[in-house]
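Read through the structure below, which is laid out as structure tokens, and then see the notes.
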2 protein chains.
Amino acid sequence: MESSVPSGCADAKSCERQLTECGIRPTPQRVRIASLLLSQPQHLSAEQILATLRAAGARVSKATVYNTLNLFADHGLIRLLCVDGTRAWFDSNVGPHYHFHCLSTGALIDVPVPEVAFSRLPAAPPGTEVAGIDLVIRLRKKM
Amino acid sequence: MESSVPSGCADAKSCERQLTECGIRPTPQRVRIASLLLSQPQHLSAEQILATLRAAGARVSKATVYNTLNLFADHGLIRLLCVDGTRAWFDSNVGPHYHFHCLSTGALIDVPVPEVAFSRLPAAPPGTEVAGIDLVIRLRKKM
DNA sequence: TTCCTTGCAAAACTTTTGCATTAAA
DNA sequence: TTTAATGCAAAAGTTTTGCAAGGAA
């Protein structure tokens with residue numbers, strides 16, 4: 001039988017396990033942030049995470065949210081996206097994929113890898129190697 | 001015979017003409033910024049532009065640099081890039097192209113269109129249309 | 001005169017940092 | 001006991017804005 005998990009929240013115990021496996025000490029704040037972010041593939045800003053946690057009654061500081069998000073990103077638990085210049089977005093989907101970005105609404109939508117294929121890519125310049133490919137397909141609302 | 005232009009600077013007269021054609025009044029500050037940026041394909045930050053102009057003895061304020069860059073971008077004269085989260089980069093190459101971004105050095109290098117080919121791209125979600133495609137190939141120094 | 005542009009300073013925002021306090025190993 | 005994590009406030013950095021002054025049409 002499937003274990004049930006509160007909506008919008010991954011199981012705290014499994015998050016604890018995941019953090020420990022990454023060598024990250026599972027403090028209460030970190031587990032809460034992980035539970036929120038890793039519950040499903042999504043894109044959240046630091047401010048959104050802070051507001052959501054506080055609305056839920058958690059005691060967390062802004063500094064801890066930023067520290068934790070950077071820590072998670074360094075360990076490959078989440079991915080930091082630079083899509084618009086206004087702020088960072090943290091993506092809980094760390095598998096390879098691309099993005100739609102709607103210029104009209106700001107919406108950010110995942111594009112699965114199989115939906116994109118490159119028939120030609122440039123070689124990395126001498127002395128360098130490719131570390132990753134970020135593809136953002138900008139959208140606008142059709143009139 | 002070719003007309004000669006100071007290195008790192010497009011001809012002021014031709015910049016004036018270009019601004020006028022776009023419906024932008026060619027004020028001294030705008031012409032200086034255009035001359036600097038449009039002299040060649042390059043990526044500059046607002047702060048770099050401000051520092052360069054002031055070092056050259058120009059009287060320009062930070063607000064004017066930002067206002068002007070946003071104005072140019074709105075008119076399609078330059079392109080605003082979001083490559084890292086730290087600041088905006090203004091690209092004088094407005095033709096279609098992509099970018100290498102070296103994570104080790106921060107360098108930003110143009111990738112011409114013919115070096116990339118997509119054999120498969122997703123359809124835009126209902127009600128939207130594709131406004132553009134941003135491709136950033138992240139590099140790291142090879143050891 | 002009227003409208004637009006500029007410069008300056010201040011404000012607005014996001015993110016980082018210093019440091020005392022608290023909690024955990 | 002020793003190390004690491006947290007909260008708070010302040011700092012740092014980029015970009016925007018308000019407003020008075022200046023310049024062009």
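The sequence lines fix the lettering, A, B, ..., with proteins before strands; numbering per chain opens at 1. Keep in mind the model is a prediction, meaning the values are calculated, not measured.
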For C:dT16, does either OP1 or OP2 sit under 4.0 Å from a side-chain N or O belonging to A:Asn70?
yes

Looking at B:Arg87, I'd like to know whether one of its side-chain N or O atoms comes within less than 4.0 Å of OP1 or OP2 on C:dC13.
no

Rounded to the nearest angstrom, tell me the gap between atom [atom1] in [X] and atom [atom2] in [N].
X: B:Arg32; N: C:dG7; atom1: CZ; atom2: C1'; value: 16 Å
X: A:Leu71; N: C:dT16; atom1: CG; atom2: C1'; value: 15 Å
X: B:Ile24; N: D:dA24; atom1: CD1; atom2: P; value: 18 Å
X: A:Leu69; N: D:dT6; atom1: CG; atom2: P; value: 12 Å
X: B:Leu50; N: C:dG7; atom1: CG; atom2: C1'; value: 12 Å
X: A:Asp84; N: D:dT15; atom1: CG; atom2: P; value: 13 Å
X: B:Trp89; N: D:dT14; atom1: CH2; atom2: C1'; value: 12 Å
X: B:Lys62; N: D:dG18; atom1: NZ; atom2: C1'; value: 16 Å

If you apply the rule side chain to side chain contact (heavy atoms under 4.5 Å, CB included), what do you find for B:Leu139 with B:Thr105, and how did you get there?
CA-CA 9 Å; B:Leu139 303 174; B:Thr105 65; over 6 Å; no

What is the ring orientation for B:Tyr98 with B:Phe118, classed by angle as parallel under 30°, tilted 30 to 60°, or perpendicular over 60°?
perpendicular

Could you check B:Ser61 against A:Ala88 and say which one's nearest nucleotide on DNA chain C is further toward the 5' end?
B:Ser61

Which comes earlier along DNA chain C counting from the 5' end, the contact point of B:Gly85 or that of B:Arg59, where each point is its nearest nucleotide?
B:Arg59

Below 3.5 Å is the cut-off: list the nitrogen or oxygen pairs between protein and nucleotides 17-25 of chain C, distance only.
none

Under the side chain to side chain contact (heavy atoms under 4.5 Å, CB included) criterion, do A:Val65 and A:Glu47 qualify, and how do the steps go?
CA-CA 9 Å; A:Val65 169; A:Glu47 210 57 47; over 6 Å; no

Using a strict cut-off of less than 4.0 Å between a Lys/Arg side-chain nitrogen and an Asp/Glu carboxylate oxygen, indicate whether B:Arg140 and A:Glu129 qualify as a salt bridge.
yes

Taking any heavy-atom pair under 4.0 Å as a contact, classify B:Gln29: base, sugar-phosphate, or nothing.
sugar-phosphate

At under 4.0 Å between heavy atoms, what does A:Ser45 touch on the DNA or RNA strands: base, sugar-phosphate, or nothing?
nothing

Is there a side chain to side chain donor-acceptor pair (under 3.5 Å) between B:His99 and B:Asp91? Walk through the geometry before answering.
CA-CA 11 Å; B:His99 293 98; B:Asp91 190 344; 3.0 Å; yes

Which donor-acceptor pairs under 3.5 Å do side chains of residues 17-24 of chain A form with protein atoms, sequence neighbours excluded?
from    : atom 1 : to      : atom 2 : distance (Å)
A:Thr20 : OG1    : A:Glu16 : O      : 2.9

Taking side chain to side chain contact (heavy atoms under 4.5 Å, CB included) as the test, write out the residues that go with A:Asp74, two or more places apart.
none

